[in-house]
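Numbering starts at 1 and runs along the sequence shown.
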Amino acid sequence: MLMLLALTSWRAFAADTGCPAKDGLEAWSPSCFTVKGNVRSLKPQYLRKLKFKKSGKAVLLIEDPREVLALDRRGRVVVPGIYHTGDFDYPSARRGVGRFAENGRCGYFQSGSFKILVPAEYDQCQTFFQNGALSCKECLRYCTKMDCQDSRLVGGQGFWFDARGRLLKSFSLPVLDQVCSHGIEKLIEEGQYRFLRCKLGPNDPFQM
C-alpha cells in the first residue's frame with residue numbers, strides 16, 4: 001500500500017515537472033501544452049498555476065526552444081513568439097506595439113491587451129519607431145551595428161503601419177547596391193547573420 005502511494009506521488013511529481021506554479025519564474029516545458037488543429041493550449045490541470053494580468057492574459061516562458069507567449073483564461077495561446085530581447089520590445093515597446101513571430105513570419109500586437117494588430121505575415125519586422133512600424137516581404141535584414149541593436153531592411157516590398165495596425169503605405173525597398181549612397185565599407189553575410197556598414201560621404205559630420 002505504501003509503495004502504491006509512493007508510486008502515485010512520484011507520477012504526480014513527474015507530471016508537474018517543467019510546469020511551475022507561477023509564470024515568469026521558470027521556463028515551462030512544451031509537454032505542458034496540447035495542439036488541436038491550429039490551437040495550442042495549456043493542459044487544463046495547469047490553468048490554476050497561471051497568474052493573469054488585468055488584460056485577462058498570462059505571460060510565460062517556454063523552454064527549448066525558448067519562447068515567450070501570452071495565454072487567455074482558457075489556456076489558449078493568443079500571442080506566440082513574443083519578441084522580448086530588444087530595448088523597445090515587450091514589455092517596454094513604444095506605444096505598446098510589440099512584435100511576435102509565428103511559423104517563421106512576424107507581426108505586431110498591442111502589449112497592454114495582447115490584441116493582434118498585424119497578423120504574422122511578414123519576413124522582417126522592425127520595432128515601432130516615432131509614428132510607425134516598418135515590415136517587409138521578400139526582404140533581408142542587415143545589422144548596422146555588430147550587436148544588431150540597429151538594422152535596416154533591404155530588398156522586397158516594405159509596409160508602414162501605425163500604432164493601431166493600419167497600413168499607411170507600401171513601397172519598394174532599395175536593393176543592396178542602392179542602400180549606401182557612397183558605397184559599402186564593410187559587408188558580412190554568414191548564415192543568418194548579415195552586417196552592413198556604409199562609407200561616409202565627404203560632408204558627413206562623422207567623417208574625420
Side-chain angles (χ1 to χ4, degrees), residues 35 37-41 53-60 62 65-74 76-145 147-181 184 187 189 192-198:
V35 179
N38 295 323
V39 180
R40 183 168 35 148
S41 302
K53 299 178 178 292
K54 291 181 180 179
S55 63
K57 308 298 188 299
V59 178
L60 50 79
I62 301 294
R66 294 178 74 82
E67 177 189 10
V68 176
L69 42 77
L71 285 70
D72 63 16
R73 292 190 181 279
R74 295 174 62 182
R76 297 175 300 185
V77 176
V78 292
V79 185
I82 295 174
Y83 288 49
H84 66 289
T85 55
D87 292 339
F88 301 106
D89 280 316
Y90 178 85
S92 56
R94 295 186 181 103
R95 298 282 295 276
V97 180
R99 300 180 291 172
F100 76 102
E102 185 174 26
N103 298 324
R105 297 290 185 267
C106 58
Y108 299 92
F109 73 101
Q110 173 48 243
S111 61
S113 63
F114 294 94
K115 174 186 177 182
I116 300 296
L117 299 173
V118 178
E121 299 174 349
Y122 301 87
D123 294 318
Q124 302 290 339
C125 296
Q126 300 285 60
T127 58
F128 190 90
F129 180 71
Q130 294 181 343
N131 296 317
L134 175 64
S135 64
C136 62
K137 293 181 178 179
E138 303 297 328
C139 56
L140 294 173
R141 177 176 180 245
Y142 281 80
C143 304
T144 53
K145 290 187 177 180
D147 60 4
C148 228
Q149 286 297 315
D150 288 323
S151 63
R152 67 182 307 165
L153 305 180
V154 177
Q157 191 76 5
F159 303 88
W160 188 257
F161 295 96
D162 67 10
R164 296 172 62 183
R166 296 177 300 187
L167 177 62
L168 300 180
K169 61 179 178 179
S170 61
F171 50 93
S172 295
L173 291 168
V175 297
L176 188 59
D177 292 342
Q178 302 170 331
V179 170
C180 299
S181 301
I184 297 174
L187 179 66
E189 294 177 315
Q192 296 297 315
Y193 180 77
R194 297 178 178 86
F195 174 82
L196 173 67
R197 179 186 296 151
C198 295

S.K.: In Å, rounded to the nearest 0.5 Å, how long is the span from CG of Leu134 to CZ of Phe161?
M.R.: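 Answer for the CG-CZ pair, Leu134 versus Phe161, is 9.5 Å.
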S.K.: Under the ring pair (Phe, Tyr, Trp, His ring centres under 6.0 Å) test, which residues partner Tyr142, sequence neighbours left out?
M.R.: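 Residues passing ring pair (Phe, Tyr, Trp, His ring centres under 6.0 Å) with Tyr142: none at all.
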S.K.: Once rounded to the nearest 0.5 Å, what's the spacing between atom OG1 of Thr127 and atom CG of Asp150?
M.R.: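 The distance works out to 8.5 Å.
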S.K.: Using the side chain to side chain donor-acceptor pair (under 3.5 Å) criterion, which residues pair with Arg166? Sequence neighbours excluded.
M.R.: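 Once residues adjacent in sequence are excluded, the partners of Arg166 under the side chain to side chain donor-acceptor pair (under 3.5 Å) criterion are Asp162.
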S.K.: For Arg74, which residues count as a side chain to side chain contact (heavy atoms under 4.5 Å, CB included) partner, sequence neighbours excluded?
M.R.: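 With neighbours one apart ignored, the set is Asp72, Arg76.
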S.K.: Please list, chain by chain and in numerical order, all residues satisfying side chain to side chain contact (heavy atoms under 4.5 Å, CB included) with Ala133, sequence neighbours excluded.
M.R.: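 Expected list: Tyr108, Phe128.
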S.K.: Is there a side-chain contact between Phe114 and Val59 in this structure, where contact means two heavy atoms from C-beta onward sitting under 4.5 Å apart?
M.R.: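 A side-chain contact under 4.5 Å exists here.
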S.K.: Please report, to 0.1 Å, the donor-acceptor pairs under 3.5 Å made by any side chain of residues 171-180, with sequence neighbours excluded.
M.R.:
residue : atom : partner : partner atom : Å
Gln178  : OE1  : Val175  : N            : 3.2

S.K.: In chain order, what residues pass the side chain to side chain donor-acceptor pair (under 3.5 Å) check against Tyr90, with sequence neighbours excluded?
M.R.: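 Counting only residues at least two positions away or on another chain, Tyr90 forms no side chain to side chain donor-acceptor pair (under 3.5 Å).
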S.K.: Please report the interatomic distance CZ(Phe109) to CG(Leu117), rounded to the nearest 0.5 Å.
M.R.: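 Phe109 atom CZ to Leu117 atom CG measures 9.0 Å (nearest 0.5 Å).
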S.K.: Would you indicate whether the side-chain heavy atoms of Phe100 and Pro80 approach each other to under 4.5 Å?
M.R.: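 Yes, side chains in contact.
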S.K.: To the nearest 0.5 angstrom, please state how far the SG atom of Cys106 sits from the CD atom of Gln126.
M.R.: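 CD of Gln126 is found 9.0 Å from SG of Cys106.
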S.K.: Please name all residues satisfying salt bridge (Lys or Arg N to Asp or Glu O under 4.0 Å) with Lys169, sequence neighbours left out, ordered by chain then number.
M.R.: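 Lys169 satisfies salt bridge (Lys or Arg N to Asp or Glu O under 4.0 Å) with no residue once adjacent residues are dropped.
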S.K.: Please name all residues satisfying side chain to side chain contact (heavy atoms under 4.5 Å, CB included) with Lys54, sequence neighbours left out, ordered by chain then number.
M.R.: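 Residues passing side chain to side chain contact (heavy atoms under 4.5 Å, CB included) with Lys54: none at all.
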S.K.: Ignoring hydrogens and geometry, is there a side-chain-to-backbone donor-acceptor pair from Ser111 to Gly98 under 3.5 Å?
M.R.: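 Pair absent, no side-chain N/O of Ser111 close to backbone of Gly98.
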S.K.: Excluding sequence neighbours, so at least two apart, what forms side chain to side chain donor-acceptor pair (under 3.5 Å) with Arg141?
M.R.: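 Applying side chain to side chain donor-acceptor pair (under 3.5 Å) to Arg141 gives Ser151.
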S.K.: To check you understand the geometry: which heavy-atom pair defines the closest contact between Cys143 and Tyr193, and what is its length?
M.R.: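 Result for this residue pair: SG-CE1, 3.9 Å.
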S.K.: Can you tell me which residue pairs pass the side chain to side chain donor-acceptor pair (under 3.5 Å) test with a partner in residues 94-106, sequence neighbours excluded?
M.R.: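 For residues 94-106: Asp89-Arg99, Arg105-Asp123.
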S.K.: Applying salt bridge (Lys or Arg N to Asp or Glu O under 4.0 Å), can you list everything that pairs with Arg197, at least two apart in sequence or on another chain?
M.R.: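 With neighbours one apart ignored, the set is Glu185.
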S.K.: Is it true that atom CD of Glu189 has more than 12 heavy atoms of other residues, nucleotides or ligands lying nearer than 6.0 Å?
M.R.: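 It does: Glu189 CD has more than 12 such atoms within range.
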S.K.: Run the side chain to side chain donor-acceptor pair (under 3.5 Å) test against Gln124 and tell me which residues pass, sequence neighbours left out.
M.R.: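 So Gln124 forms no side chain to side chain donor-acceptor pair (under 3.5 Å) with any residue.
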S.K.: Do Leu69 and Leu60 come within less than 4.5 Å of each other through their side chains, counting heavy atoms only?
M.R.: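 A side-chain contact under 4.5 Å exists here.
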S.K.: So does Ser113 get a backbone contact from the side chain of Ser55, meaning a donor-acceptor N/O pair under 3.5 Å?
M.R.: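 No, because the side chain of Ser55 does not come within donor-acceptor range (under 3.5 Å) of the backbone of Ser113.
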